[in-house]
Number of protein chains: 2
Amino acid sequence: MVTLADVARHAGVSASTVSYVLSGKRSISEETRRRVERSVAELGYHPNAGARALAAKRSHIVALVVPLRADVYVPIMMQIAISVTVTARQHGYDVLLITNDEGPEGVRRVALSGLADGVILMDVGLADERIPVLRELRTQAALIGLPDDPSGLSCVDHDFAAAGASCADHLADLGHREVAFIGYGSGVYQRHAGYAERTLMGFRERAEERGLRFVHRPCEGTYESTAGTLARILADRPDTTGFVVQNEGAIGPLLSLLRISGRTVPEDASVIALCPELLAEQYAPALTAVTGPAQELGRVAVEQLLRRITAAGRDEVPDDELTLLRPVLTVRESTSQHRSRTPSSS
Amino acid sequence: MVTLADVARHAGVSASTVSYVLSGKRSISEETRRRVERSVAELGYHPNAGARALAAKRSHIVALVVPLRADVYVPIMMQIAISVTVTARQHGYDVLLITNDEGPEGVRRVALSGLADGVILMDVGLADERIPVLRELRTQAALIGLPDDPSGLSCVDHDFAAAGASCADHLADLGHREVAFIGYGSGVYQRHAGYAERTLMGFRERAEERGLRFVHRPCEGTYESTAGTLARILADRPDTTGFVVQNEGAIGPLLSLLRISGRTVPEDASVIALCPELLAEQYAPALTAVTGPAQELGRVAVEQLLRRITAAGRDEVPDDELTLLRPVLTVRESTSQHRSRTPSSS
DNA sequence: TTGTAAGCGTTATCAC
DNA sequence: GTGATAACGCTTACAA
């Protein structure tokens with residue numbers, strides 16, 4: 001193993017000089033710097049992580065706490081995890097993966113052991129049980145998701161209200177008058193998941209402003225539940241021509257069921273999905289969709305966290321930040337200008 | 001921050017005694033052990049990770065190198081990453097996430113810095129460029145995937161040949177005589193991806209043994225390519241009644257296209273997918289599928305790696321291991337006994 | 001069964 | 001601009 005001392009000897013300087021060359025924390029003559037850098041390269045020196053963490057009281061590791069729940073869309077989680085890792089690396093940090101089955105104890109463990117300098121929490125619930133631990137330990141953190149009380153915390157999330165609003169706008173722009181919002185299963189609303197409620201609220205408000213008549217129906221996302229949901233919508237409001245789907249599981253079934261009911265998309269019914277691009281593009285017809293920038297979520301979270309860590313290292317009080325990322329509505333093949341289904345009812 | 005010394009003072013023993021109580025590396029009187037454990041709990045002591053790593057020359061961290069390529073099925077990767085993390089925790093290890101955009105240098109970095117005690121490589125290619133680094137640094141590793149030369153390495157993978165063979169068996173058992181294997185895009189075969197070739201080989205051999213007439217057709221997985229692939233199959237072999245699909249992207253299109261061509265699944269055509277359960281169950285009809293146990297992959301890799309780390313810690317030469325995990329064929333609604341499509345041709 | 005003490009490889013505070 | 005040197009908190013011979 002190559003140590004700092006080896007490099008120092010090889011370069012003919014003291015250990016502290018090598019350390020300072022590497023950290024850039026004091027000015028070094030061009031001459032020395034070059035000698036040291038050459039020795040580092042020649043010996044293939046990599047600083048020992050443990051020793052560095054011990055001496056500097058900073059591990060240069062951030063912990064990423066990922067949920068295990070099955071009802072989150074996994075590819076997005078992965079995308080976030082990867083953008084977190086890549087961004088962290090760009091700042092000289094590594095990422096430790098913590099699964100939520102450790103619960104709040106996991107946060108306590110990595111913080112108290114000095115394993116991580118800070119924590120990124122994914123899939124944060126409104127009253128997340130990990131948050132009290134953060135407050136108690138004064139651990140630096142960035143949350144992906146918006147808790148009910150974000151004071152003292154840095155958070156980043158999609159602007160779900162804006163997402164809902166774009167859906168209403170797009171359908172209104174196309175001339176639709178009767179629209180349906182197919183949401184998540186009722187359980188999701190019962191536990192007051194922020195994203196579900198905020199999307200619905202954004203949609204509802206904009207729909208009202210634009211004079212849309214609409215219904216909201218929860219849906220579990222299975223074929224059967226989607227069938228039931230659609231049947232009820234069409235029974236209550238046979239003239240519905242616009243559909244917004246938030247539950248990814250319901251998208252495929254919805255398209256099949258509309259076809260079966262004799263409605264062609266987009267001629268007879270326009271469908272907007274709230275989902276990732278990948279998903280939207282894999283259907284036939286490709287779906288007009290509102291998509292939040294998942295990668296950004298990870299990148300912003302890392303940057304928020306590192307700012308906090310830096311501030312705390314200088315004994316400053318870190319600023320709280322709240323970033324809501326605007327989703328993008330991409331028009332594809334599943335929405336079109338409203339036309340009455342039956343000439344008689346127009 | 002609570003240190004070992006704090007605990008020692010609180011319990012009225014020496015620091016080493018506390019250390020030994022925690023590590024179990026020497027026998028401790030029941031009395032002392034209890035006093036120490038009580039102090040640990042009372043003070044909320046968590047050993048400092050950096051100090052521990054420095055003194056013990058063991059970080060209790062394993063690095064998991066995940067691919068960034070888009071053509072791997074993401075939920076499975078996530079499942080593996082999670083089972084790796086959970087299993088590692090059960091053995092007192094944490095997991096560091098490394099993305100493959102660091103390339104082989106990432107492996108070098110974590111190994112040489114002592115950040116990780118070993119490495120788990122996901123999505124290992126036949127001539128993976130990270131492998132030479134492992135050999136050069138004598139880094140302990142476990143590979144998920146099978147390289148062309150696994151000597152000196154521990155590997156775990158699905159038994160793809162067995163998966164292919166089960167498909168052939170199931171179709172033969174049901175009395176089918178003409179079957180088609182819809183594979184990955186030709187690019188996948190051109191780079192000799194092991195999993196694609198091994199599956200096909202397993203299928204081919206068993207199909208021949210069972211006297212099946214079959215064709216293999218590559219398919220890119222888009223709707224268009226699937227349409228083209230199916231059209232060619234039906235043109236060449238109109239009496240084909242059994243289909244095996246390996247490319248996940250082709251499954252949805254295939255089902256639609258069979259329907260359009262007037263074939264009902266499973267009455268007129270049996271379909272077996274090589275895919276995760278989740279995917280198989282989300283189609284209508286639910287698909288008979290051959291699924292490899294993804295979680296096992298992660299668990300076995302961790303156990304292989306930890307055995308190697310332990311052995312190397314005792315200056316033993318770690319044993320190489322090669323584990324192939326048997327996939328499971330689950331019969332669902334997409335396969336049934338063969339019946340001739342047209343009574344005349346029976 | 002327990003205690004003492006010498007590292008482990010950095011960083012950072014002094015001093016020059 | 002550079003060099004000693006004392007931490008940092010833990011593990012592990014070595015003693016007792």
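All chains are named by letter (A, B, ...) in the order of the sequence lines, taking the proteins before the strands, and each is independently numbered beginning at 1. Keep in mind it's a predicted model, so treat the numbers as computed, not measured.
Of the residues listed (A/Arg308, A/Gln304, A/Arg307), the one engaging A/Gln140 in a side-chain hydrogen bond (donor to acceptor under 3.5 Å, both in side chains) is A/Arg308, and it is the only one.
With hydrogens and angles disregarded, no donor-acceptor distance shorter than 3.5 Å links the side chain of B/Asp94 to the backbone of B/Ile61. Side-chain atoms of B/Thr85 come within 3.5 Å of backbone atoms of B/Ala81 as a donor-acceptor pair (strictly under, hydrogens ignored). Of the possible polar contacts, one joining the A/Ser59 side chain to the A/Leu115 backbone as a donor-acceptor pair under 3.5 Å is found. The main-chain N or O of A/Gln79 is never found under 3.5 Å from a side-chain atom of A/Gln295 such that the two would form a donor-acceptor pair. Here the side chain of A/Thr87 pairs a donor or acceptor atom with the backbone of A/Ser83 at under 3.5 angstrom. Judged by distance alone, the side chain of B/Asp157 and the main-chain N or O of B/Leu324 form no donor-acceptor pair under 3.5 Å. Side-chain atoms of B/Asp117 do not come within 3.5 Å of backbone N or O of B/Val62 as any donor-acceptor pair.
Between A/Gly50 and B/Leu54 the shortest heavy-atom distance is C-CB, 4.4 Å.
Interface residues of residues 309-316 of chain A facing DNA chain C, ordered by number: none; criterion, heavy-atom separation under 4.0 Å.
From the 5' end on, the contacts that DNA chain C makes with chain B at under 4.0 Å to a non-hydrogen atom open and close at C/dT1 to C/dG9.
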How does protein contact run along nucleotides 5-13 of chain D, one letter per nucleotide 5' to 3', with B for base contact, S for sugar-phosphate only, - for none, heavy atoms under 4.0 Å? ---BBBBBB
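Summarising the geometry, atom CG belonging to B/Leu68 is positioned 5.0 Å from atom CD1 belonging to A/Ile82; distances are rounded to the nearest 0.5 Å.
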